[in-house]
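Here the structure comes first, spelled out in structure tokens, and everything after it is commentary.
All values derive from a computational prediction rather than experimental measurement. Side-chain atoms are counted along with the backbone in the values below, which use heavy atoms only and exclude waters and symmetry mates. In what follows, every chain begins at residue 1, and chains take the letters A, B, ... in the order their sequences are listed.
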Amino acid sequence: MADSLVDDLNPEQRAAVLHGNGPLMVLAGAGSGKTRVVTRRIAHLMRRGVAPGSILAMTFTNKAAGEMARRVVDLGGAYVRVATFHSACARFLRQDARRIGFPQDFTIYDTYDRDSLIKQLLEELGLDGYGIKASVVGQQISRMKNAALKPDTSTSGFSDVARVVRQVFDPYHERLRKLGAMDFDDLLLHFLDMLRSDPQVAEEYRARFPFVLVDEFQDTNRVQYDLLRQLTTPDSSVCVVGDPDQSIYGFRGAEIRNILDFESDFPTTTVVRLETNYRSTATILRAAEAVIANNKLRKDKRLRTENPEGAKLLKFRADGAAEEAGEIADRIRGMRGEDVPLDQIAVFYRAHWLSRGIEQALKDKAIPYTIVGGVTFFERREIKDLLAYLRVLVNPLDDVSMERVINVPPRGMGKTSVQKLRDAANGAGLSMVEAVMDPAMHVGLSAKSRKALGALAETLREAKHMSAAGAHAALKVVLQGTDYINHATTMGDPEDVAREENIQELVSDVVQFDEKMGEGLSGYLQHVSLLTSADKEVEGPSVQLMTVHAAKGLEFDHVYITGLEDGLFPSMRAMEDKDGLEEERRLMYVALTRARQSLFLSSARERMVAGAMERSTVSRFLKEIPADAMETHSATWHSWSADEGGGQEPEAAAGHEIDFDQTPQVIDVGTRVRHEMFGEGRVAHIAGRGQMARARVRFDDGIERTLILEYAGLRVVSEGNAW
DNA sequence: CCCGGTAAACTTTTT
DNA sequence: GTTTACCGGG
């Protein structure tokens, strides 16, 4: 019998899609059709008569969630809500927040809000003298919560940071409660607490969602796993999908252990392995497998493919970051000339700040691009300010938001005035928002401040009143009442224009939300506070720029992996311990396996890092790729496809050799070099290796100096053996 | 209180 | 190279 849902699937995929009741674990290698299986399984369940509302599907990112929901609809299924763990918990908590002592309209604090609060607490508790940054404390607290730990002495060390964290941990959470706010981690923890403390509630949720599905299971942390167990029974129809080789969120508490535990906690689990790769060329797959095979803490696992060999991977070693980016831009321009769709080209980097150079080069060559992630729209200062105004309307306990904007635009409320108001509020048992609204709390402030606060209170009152008509009405009052646009566009820097545009974009986003969702101001705020990079629509075809983390789950015909240098990728921090390095290698594996047809692997001999020029060696991961799967890129454009002359390798330009595999520099005895301060000279002697390598150089002024190669920044003028 | 200057520190990765 | 911390004059 023909069945369009499974006709074109292989036997393993089919088994996963058609699996009946009971737990199922799909171990899906890269490019093995995981999303396909998940979406078809959902469609299949609905065809069996399962109501869309009884399926709880959770993914890791908003982007993946949206994509999955869309693909189910494309298969002819009804709309199924696919959520991230965080958004699902937020939604559930919104209904039941009162049970755990939070207002229904609780505020969700992002990382920035969290750190502002911690900073204030450090000051209040007199712990700000240690030179410890609030963000470090915040990260540490987050890490503990993700591992489901409490700050007792057994879990922390004796460093200053550990002591401070211990002292701040409880006050931080008490304060959050007082503010009617939760941070990202709390969304999961509070919901988990709710289920645990009231078995009947847990039972309600299990009855409501007999089908639970978790994507990217290898990236779940302990709390998420505990949550999953609360939402299921050992013989539930729970389906988890993941790939241990793609676990890249260890820094966030992800535990591969969850995959092992799953089989024992759900003893009747059916395990399905998807081991055929349909995505990449055989050469790309071979390269990726060779790299990941270097991980020791790993079950040996192979992926098959019937795809053609395809072109070899191209490696390119540039002198500097600008050359690297320029070459990539040139190449992309060439591909564009061959009618390669731009949105099938992606450029990856290890960290956001590395996007700058690439952006610049693409801009110079007029190639459209989109940055995925980075400082997102809703993290921009002007947007956060305006959202803070809206938040205090919905949650009058939210002092963090109130203090954020109490003097923005400047209204004469400096540090001392704010402190006075804070004291008055504390004395009267009021929140800051309430104190702003109450003229009785303004006594003792300057006439100017009192007047400004009165106007602010009036604006907030009016906005609150108008919020009944929707988020847009409230925002309009805020913009008018505070003259915010004027403030944001006259700060005298080049960003003035962009800020105005951003505010306009916020306005239209709000208007759209009002029309489409009709969930009111508080609905808008909830929607927005869990949005990150994801939902920005791509307008027109463009090259996709993103971190490797952001690339997970995506695929492109042509992929550029940049900055393949030791210290960058793998990152300096990750190189310190073995686990870190193995996770970094998985990250490289993820990067490589995103590509369908071609891969371009680049590095630069030197680049600016935090203001200083740094030299580096080629990434160790690149050296793990079999030599016969790669060839060296020559600086002139030729077609990316193998059959169009990709084979020949033009001569490297003289005096400009491309020594990809050579480590740091080609400075030998006899080499003529230039130093920025000392001028030109000849290398007389080399001592030491790696970071310790030193060169004794006899400069033309007749003086011999010993220089550490790593820092000296010597440039080769001509090779010594050329003579 | 505000703004402009200068000094110092720092960059993984995300919900 | 960019963002934050601190200081001194309006």
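You'll find that the side chain of Ala351(A) is closest to dT13(B), out of dT13(B), dT15(B), dT14(B).
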What are the atom names and distances for every N/O pair under 3.5 Å that joins the protein to nucleotides 4-10 of chain C?
none

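For Ser449(A), the side chain to side chain contact (heavy atoms under 4.5 Å, CB included) partners two or more places apart in sequence, or in a different chain, are Met413(A), Ser417(A), Leu445(A), Ser446(A). For Asp113(A), the salt bridge (Lys or Arg N to Asp or Glu O under 4.0 Å) test picks out Lys384(A), Arg391(A), with sequence neighbours left out. Legend: residues meeting side chain to side chain contact (heavy atoms under 4.5 Å, CB included) with Thr562(A), ordered by chain and number and at least two apart, are Glu324(A), Ile328(A), Val347(A), Tyr349(A), Ile358(A), Ser602(A). Evaluation of the ring pair (Phe, Tyr, Trp, His ring centres under 6.0 Å) rule for Phe600(A) yields Tyr560(A), His633(A) as partners, not counting sequence neighbours. Contacts of Asp385(A) classified as salt bridge (Lys or Arg N to Asp or Glu O under 4.0 Å), with partners at least two apart in sequence or in another chain: Arg404(A). For Arg499(A), the salt bridge (Lys or Arg N to Asp or Glu O under 4.0 Å) test picks out Asp493(A), Asp496(A), with sequence neighbours left out. Residues passing the ring pair (Phe, Tyr, Trp, His ring centres under 6.0 Å) test with His549(A), sequence neighbours excluded: Tyr249(A), Phe251(A). Residues satisfying the salt bridge (Lys or Arg N to Asp or Glu O under 4.0 Å) test with Glu123(A), not counting sequence neighbours, are none. Listed by chain and number, the residues in a ring pair (Phe, Tyr, Trp, His ring centres under 6.0 Å) with Phe191(A) are Phe92(A), Tyr205(A) (sequence neighbours excluded).
Residue Phe60(A) contributes atom CZ, which lies 8 Å from atom C1' of dT14(B) at whole-angstrom precision. Taking atom CE of Met613(A) as the reference point, atom P of dG1(C) lies 9 Å away to the nearest angstrom.
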Note to self: Strictly under 4.0 angstrom, non-hydrogen atoms only: write out the protein contact profile of nucleotides 1-10 of chain B, one letter per nucleotide from the 5' end, B, S or -.
What the structure shows: SS-------B
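Between the side-chain ring of Phe251(A) and the base of dT13(B), a stacking contact exists by the 5.5 Å and 30° definition.
Stem list for DNA chain C (at least 3 consecutive Watson-Crick or G-U pairs, distances under 3.5 Å): B:1-10 with C:1-10.
Here His352(A) reaches the OP1 or OP2 of dT14(B): one of its side-chain N or O atoms lies under 4.0 Å away.
Cation-pi geometry between Arg94(A) and Phe106(A) is met: under 6.0 angstrom from the ring centre, within 45 degrees of the axis.
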